[in-house]
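Worksheet: one structure, shown below.
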Amino acid sequence: MTEPRDVLFVMDSPETFDPKADSTYVMITEALQRGHRPFGTNLDGLSLHGAVATARVAPVGLDDADPPRLRYTEPASPRLLSSFGAVLMRKDPPVDQAYVTATWILDHAGTLVLNAPTGLRSLNEKLSILRFGDLVPRTFISRNADELREILETLGGRMIVKPVYGFGGREILLARADDPNLGSLLELATAEGTRWTVAQEYLPAAAEGDKRILLVDGDPIGAVLRVPAKGELRNNFHAGGQASLGAMNERDRAICSAIRPMLRQTDQFFVGIDVIGGRLTEINVTSPTGMQEINRLESLTGEATMQARFWDALTARMQAHAEGSPDAG
């Protein structure tokens, strides 16, 4: 049994987590089962006193509901971030001014922070794929409607447009050259030329679903296929996508191997990548999900679950950090 540790989750309110869907939920319940002491705070609770990072935190436990829900068990009180064995950044997007400022505060935590704040700032989930050449679909970024029309022609008359800072499947659109509403669609996508928009090659395999692959410390631990609802373009669970078995294949493993050095270099500990038709479409580093869907589809229990594998790796990282190991990140 490893030594119990206090671990802080920077997150949304625990009462909002779905016991049957959210990955943060099982991360916390696994911590409780292992004897650790999980605490929580939100972005509003973070602050700097000079160069010392503090937060108003409260311990997180389970209530008596069926299934049990997470809740704060005591009122919040101030505490140094350096007093925690690790700080886990699990605040949902958007990556806006408040989120970025929070990462600057976390730079001063004085303890292990995962995912690392510098990586959260530098790796845009839509654009960091461009480092990997032919592993990704043809991808462009513009906020000029005329240029986007030219890109659409280059891509054969169909393309996906989505906001650079989008999340959860929001505002993902299919642009078609023969659509009489194309002008309005591009105005909406670019907010009339004021917002950068990702224009990406449409992959017909998207109709069969996209594969979410979870990686811990650079290594894949599980995958799930997200299948779009009938009449829906988007595969995201938040947009009604359904979970289906999604075994990894040779191409998936090649993609994971290709991105592993970058994830390790930027210390992005828990990552969810999206793969469509053997092409890498996104690298999700903020608060990826999918743990519970994989557990159910593969009937995983005990030490084989996604959250158990997450905590095995996290425990090793906390121990290395406490000992000052070069592998501490």
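The backbone N or O of Pro204 sits nowhere less than 3.5 Å from a side-chain atom of Arg158 that would complete a donor-acceptor pair. A donor-acceptor contact shorter than 3.5 Å is absent between the side chain of Arg260 and the backbone of Ile255. Side-chain N or O atoms of Thr194 include none that pairs as donor or acceptor with a backbone N or O of Glu192 at under 3.5 Å. The backbone N or O of Ala189 lies less than 3.5 Å from a partner atom in the side chain of Thr197, making a donor-acceptor pair. Here the side chain of Thr286 pairs no donor or acceptor atom with the backbone of Asp92 at under 3.5 angstrom. Remark: side-chain polar atoms of Gln292 are paired, donor with acceptor, to backbone N or O of Pro19 under 3.5 angstrom. At least one donor-acceptor pair under 3.5 Å links the side chain of Ser23 to the backbone N or O of Met291. Side chain of Asp22 to main chain of Tyr25: no donor-acceptor pair is present (N/O by atom type, distance under 3.5 Å, no hydrogens or angles). Side chain of Arg69 to main chain of Phe17: a donor-acceptor pair is present (N/O by atom type, distance under 3.5 Å, no hydrogens or angles).
No path of Ile, Leu, Val, Met, Phe, Trp and Tyr side chains, each step under 4.5 Å between heavy atoms, connects Leu214 with Leu123, placing them in separate hydrophobic clusters. By the criterion of side-chain heavy atoms lying less than 4.5 angstrom apart, applied directly or through intervening Ile, Leu, Val, Met, Phe, Trp or Tyr residues, Leu106 is not grouped with Val7; the two fall into different hydrophobic clusters. Neither Tyr99 nor Leu88 shares a network with the other; the hydrophobic side chains, linked directly or stepwise wherever heavy atoms of I, L, V, M, F, W or Y lie under 4.5 Å apart, form separate groups for each. In the hydrophobic cluster analysis, where Ile, Leu, Val, Met, Phe, Trp and Tyr join through side-chain heavy atoms closer than 4.5 angstrom, Ile129 is grouped together with Val198. Tracing side-chain contacts under 4.5 Å through hydrophobic residues (I, L, V, M, F, W, Y), one never reaches Ile141 starting from Leu152; they form parts of separate clusters.
Heavy atoms only, all atoms of each residue included: Ile276 and Ala205 are closest at CG2-C, 3.9 Å. Pro14 approaches Tyr72 most closely through the heavy-atom pair CD-CE1, 3.4 Å. Closest non-hydrogen pair, Val164 versus Lys126, comes out as O-CG, 3.4 Å. Of all heavy-atom pairs spanning Phe9 and Arg90, the tightest one is CD2-CG, 4.3 Å. Across all their heavy atoms, Ala116 and Gln268 have their closest contact at O-NE2, 3.2 Å. Residue Val227 comes nearest to Ser244 through the heavy atom pair CG2-CB, 4.0 Å, listed as atom of the first residue, atom of the second, then distance.
For the atom pair NE2 (His108) and CD1 (Ile105), the distance works out to 9.0 Å, reported to the nearest 0.5 Å. To the nearest 0.5 Å, atoms CG (Leu182) and CD (Glu187) are separated by 10.0 Å. To the nearest 0.5 Å, atoms CG (Leu263) and CD1 (Ile259) are separated by 4.5 Å. To the nearest 0.5 angstrom, Leu185 atom CG is 6.5 Å from Asp179 atom CG. The OG1 atom of Thr41 sits 5.0 Å away from the CG atom of Leu46 when rounded to the nearest 0.5 Å. Interatomic distance, Asn144 CG to Leu186 CG, rounded to the nearest 0.5 Å: 10.0 Å.
Dense packing is recorded around CD of Glu15, with more than 12 heavy atoms of other residues, nucleotides or ligands lying under 6.0 Å away.
A salt bridge links Arg34 with Glu30: the closest approach of a Lys/Arg side-chain nitrogen to an acidic carboxylate oxygen falls below 4.0 angstrom. The residues Arg309 and Asp219 are annotated as not salt-bridged, no charged nitrogen and carboxylate oxygen being separated by less than 4.0 angstrom. A salt bridge is defined here as a Lys NZ or Arg NE, NH1 or NH2 lying under 4.0 Å from an Asp or Glu carboxylate O, and Arg226 with Asp210 meets this definition.
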Less than 3.5 Å apart, which donor and acceptor atoms pair up between the side chains of residues 76-87 and the rest of the protein, not counting sequence neighbours?
from: Arg79; atom 1: NE; to: Ser83; atom 2: OG; distance (Å): 2.7
from: Arg79; atom 1: NH1; to: Asp6; atom 2: OD2; distance (Å): 3.1
from: Arg79; atom 1: NH2; to: Asp6; atom 2: OD2; distance (Å): 2.7
from: Arg79; atom 1: NH2; to: Ser83; atom 2: O; distance (Å): 3.4
from: Ser83; atom 1: OG; to: Leu80; atom 2: O; distance (Å): 2.6

Side-chain donor-acceptor pairs under 3.5 Å in residues 278-285, sequence neighbours left out?
from: Arg279; atom 1: NH1; to: Val136; atom 2: O; distance (Å): 3.2
from: Thr281; atom 1: OG1; to: Asp274; atom 2: O; distance (Å): 3.2
from: Glu282; atom 1: OE2; to: Lys162; atom 2: NZ; distance (Å): 3.2
from: Asn284; atom 1: ND2; to: Gly272; atom 2: O; distance (Å): 2.9
from: Asn284; atom 1: ND2; to: Asp274; atom 2: OD2; distance (Å): 3.2

Could you list the donor-acceptor pairs under 3.5 angstrom formed between side-chain atoms of residues 300-307 and any protein atom two or more places apart in sequence or on another chain?
from: Thr305; atom 1: OG1; to: Gly302; atom 2: O; distance (Å): 3.1
from: Thr305; atom 1: OG1; to: Ala308; atom 2: N; distance (Å): 3.2
from: Gln307; atom 1: OE1; to: Asn295; atom 2: ND2; distance (Å): 2.8

**Request:** Begin with the C-alpha distance, continue with both residues' side-chain angles, and end with the deciding distance and a verdict on side chain to side chain contact (heavy atoms under 4.5 Å, CB included) for Leu245 and Leu225.
**Result:** CA-CA 6 Å; Leu245 281 170; Leu225 189 66; over 6 Å; no
**Request:** Please test Cys256 against Ile273 for side chain to side chain contact (heavy atoms under 4.5 Å, CB included), starting from the C-alpha separation and ending with a verdict.
**Result:** CA-CA 9 Å; Cys256 291; Ile273 66 172; 4.1 Å; yes
**Verdict with reasoning, Met89 to Asn115, per side chain to side chain contact (heavy atoms under 4.5 Å, CB included)** = CA-CA 6 Å; Met89 181 52 156; Asn115 290 336; 5.8 Å; no
**Prompt:** Which is it for Asn249 and Lys211 under the side chain to side chain contact (heavy atoms under 4.5 Å, CB included) test, yes or no, and what are the steps along the way?
**Reply:** CA-CA 11 Å; Asn249 57 36; Lys211 192 176 295 183; 3.8 Å; yes
**Request:** Starting from the C-alpha separation in whole Å, work towards a yes-or-no answer on salt bridge (charged side-chain N to carboxylate O under 4.0 Å, His left out) for Arg121 and Asp107.
**Result:** CA-CA 11 Å; Arg121 289 194 297 270; Asp107 283 337; 3.0 Å; yes
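A heavy-atom distance below 4.5 Å is not found between the side chains of Asp12 and Asn42. Within the 4.5 Å cutoff, the side chain of Asp267 has heavy atoms near those of the Leu114 side chain. Two residues are said to be in side-chain contact when any heavy atoms from C-beta on lie closer than 4.5 Å; His36 and Arg5 meet this criterion.
Through direct or relayed side-chain contacts under 4.5 Å between Ile, Leu, Val, Met, Phe, Trp and Tyr, Leu188 connects to no other residue.
Sorted by first and then second residue, the ring pair (Phe, Tyr, Trp, His ring centres under 6.0 Å) pairs involving residues 259-278 (not counting sequence neighbours) are Phe269-Phe310, Phe270-Phe310. Listed by first and then second residue, the ring pair (Phe, Tyr, Trp, His ring centres under 6.0 Å) pairs involving residues 134-166 amount to none (not counting sequence neighbours).
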